[in-house]
There are 2 protein chains.
Amino acid sequence: MVNKKEAVLDNAFGALSSPVRRAMLSRLSQGEATVSELASAHEISLPGISKHVRVLENAGLIRREKRGREYHCRIKPAPMREAVAWLAQHQHFWEQQFDALDNFLAEGGADD
Amino acid sequence: MVNKKEAVLDNAFGALSSPVRRAMLSRLSQGEATVSELASAHEISLPGISKHVRVLENAGLIRREKRGREYHCRIKPAPMREAVAWLAQHQHFWEQQFDALDNFLAEGGADD
DNA sequence: ACTATAGTGAACCATATGGTTAACAAAAAA
DNA sequence: TTTTTTGTTAACCATATGGTTCACTATAGT
């Protein structure tokens, strides 16, 4: 193991980099859903959806549980915690930058 | 434009999904650095490093400025703000899950 | 004027990603 | 029991990603 936490973040941020998967997480943040329910919001074939669900599962962001013939998905928060923690750790510095940007813009600087 | 903010998030999270690029951002959060300085922390060829820097730049996360023969890089916080905002927007729900997980673990549940 | 340094760009390669269709398994419904 | 529904797996394709080497430009140093 070189660094397990790094890999967790790789997978978490990687999973978050797709709008389809972010939409799935948004949906799941409002409660459990089946794969078909997750699919209904997108114009992607079911196997395609299944792959996205698998990515989220492999990233540890969700859990998939077979119940009857349906697969019910729900959020598994632990790795998201890592992602939030990473951002929070750097947010202090970013906020300084935010402040500097705000000041710059307030003084009429170009936005870029 | 289907949804510009979505694309910003795609690129921001995508850039964050690489440990090399996260390390670069960590370094830059402590202050400006040249491409060579960013490279010194990794065993990757300079063209390889250049590509990572370009990814960060295209994601809008950093700015690259030529000064003499060196390229100085510094963090550009705006898109990071979007990423933080997205996570924050969902964090409420995740925190509920965190609490549920904490309770579950406190009751001796298996961690998985 | 020559040489060394910082960094880019192009071409190339291997692997990963994101989608498809087709075939299948298991559970539910008729 | 037959049929429908849910979802998976496998095979395939196109494009993207992450690395390399080689050639090059531009600036700095000698």
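Quantities reported herein were computed from a predicted structural model and do not represent experimental measurements.
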Rounded to the nearest 0.5 Å, how far does [atom2] of [Y] lie from [atom1] of [X]?
X: B:Leu16; Y: B:Leu61; atom1: CG; atom2: CG; value: 6.0 Å
X: A:His52; Y: A:Ile44; atom1: NE2; atom2: CD1; value: 4.5 Å
X: B:Arg21; Y: B:Ile49; atom1: CZ; atom2: CD1; value: 11.0 Å

- Item | Shortest non-hydrogen contact from B:Leu28 toward B:Cys73 |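 Where B:Leu28 meets B:Cys73 most closely, the heavy atoms are CD2-O, 3.3 Å.
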
- Phosphate contact (C:dT8 OP1 or OP2) by B:Ser50 side-chain N/O below 4.0 Å: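 It does, given that an N or O in the side chain of B:Ser50 lies less than 4.0 Å from OP1 or OP2 of C:dT8.
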
- Sole candidate of B:Glu37, B:Arg63, B:Lys66, B:Glu32 that passes side-chain hydrogen bond (donor to acceptor under 3.5 Å, both in side chains) when paired with B:His72: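 So, applying the side-chain hydrogen bond (donor to acceptor under 3.5 Å, both in side chains) to B:His72 and each of B:Glu37, B:Arg63, B:Lys66, B:Glu32, only B:Glu32 qualifies.
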
Atom-to-atom span, [atom1] of [X] to [atom2] of [N] - whole angstrom:
X: A:Arg21; N: C:dT17; atom1: CZ; atom2: P; result: 9 Å
X: B:Glu70; N: C:dT8; atom1: CD; atom2: C1'; result: 15 Å
X: A:Tyr71; N: D:dT8; atom1: OH; atom2: C1'; result: 6 Å
X: B:His42; N: D:dT20; atom1: NE2; atom2: P; result: 12 Å
X: B:Leu38; N: C:dA6; atom1: CG; atom2: P; result: 14 Å
X: A:Ile49; N: C:dT17; atom1: CD1; atom2: C1'; result: 15 Å
X: B:Leu46; N: D:dG18; atom1: CG; atom2: C1'; result: 15 Å

- Between B:Ser29 and B:Ser26, is there a donor-acceptor pair closer than 3.5 Å when you use the side chain of the first and the backbone of the second?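 Here the side-chain-to-backbone pair exists.
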
- Task: Answer yes or no: is there a donor N or O on one side and an acceptor on the other, between the side chain of A:Arg27 and the main chain of A:Leu38, under 3.5 Å?
- Result: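 Between the backbone of A:Leu38 and the side chain of A:Arg27 there is no qualifying donor-acceptor contact (under 3.5 Å).
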
- Message: Determine whether B:Lys51 and B:Val55 satisfy the following criterion, side-chain contact (heavy atoms from CB on, under 4.5 Å), listing intermediate values before the conclusion.
- Response: CA-CA 6 Å; B:Lys51 280 196 188 180; B:Val55 170; 5.6 Å; no

- Message: For a side-chain contact (heavy atoms from CB on, under 4.5 Å) check, start with the C-alpha distance between B:Asp10 and A:Ser17, then their side-chain angles and the critical distance, and finish with the verdict.
- Response: CA-CA 4 Å; B:Asp10 293 356; A:Ser17 73; 5.6 Å; no

Protein N or O to nucleotides 11-16 of chain C N or O, pairs below 3.5 Å:
none

- Of all the choices, D:dT8, C:dT8, C:dT20, which nucleotide is nearest to the side chain of A:Ile44 once you look at every atom?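 Given the options D:dT8, C:dT8, C:dT20, the side chain of A:Ile44 is closest to C:dT20.
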
- Message: Less than 4.5 Å apart, side chain to side chain, heavy atoms only: is that true for B:Glu65 and B:Arg74?
- Response: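 A side-chain contact under 4.5 Å exists here.
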
- Item | Test: A:Arg54 and A:Glu57 ion pair at under 4.0 Å |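 Judged by the 4.0 Å cut-off on N to carboxylate O distance, A:Arg54 and A:Glu57 do form a salt bridge.
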
- Item | Strand-adjacent residues in residues 52-60 of chain B, judged by heavy atoms under 4.0 Å from DNA chain C |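 Within residues 52-60 of chain B, the residues near DNA chain C are B:Arg54.
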
- Relative to the 5' end of DNA chain C, which residue comes earlier, A:Val20 or B:Val35, by the nucleotide with the nearest heavy atom?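 Going by which nucleotide is closer to the 5' end, it is B:Val35.
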
Would you tabulate the nitrogen or oxygen pairs shorter than 3.5 Å linking the protein to nucleotides 26-30 of chain D?
from   : atom 1 : to      : atom 2 : distance (Å)
D:dT27 : O2     : B:Arg69 : NH1    : 3.2
D:dA28 : O4'    : B:Arg69 : NE     : 3.4
D:dA28 : O4'    : B:Arg69 : NH1    : 3.4

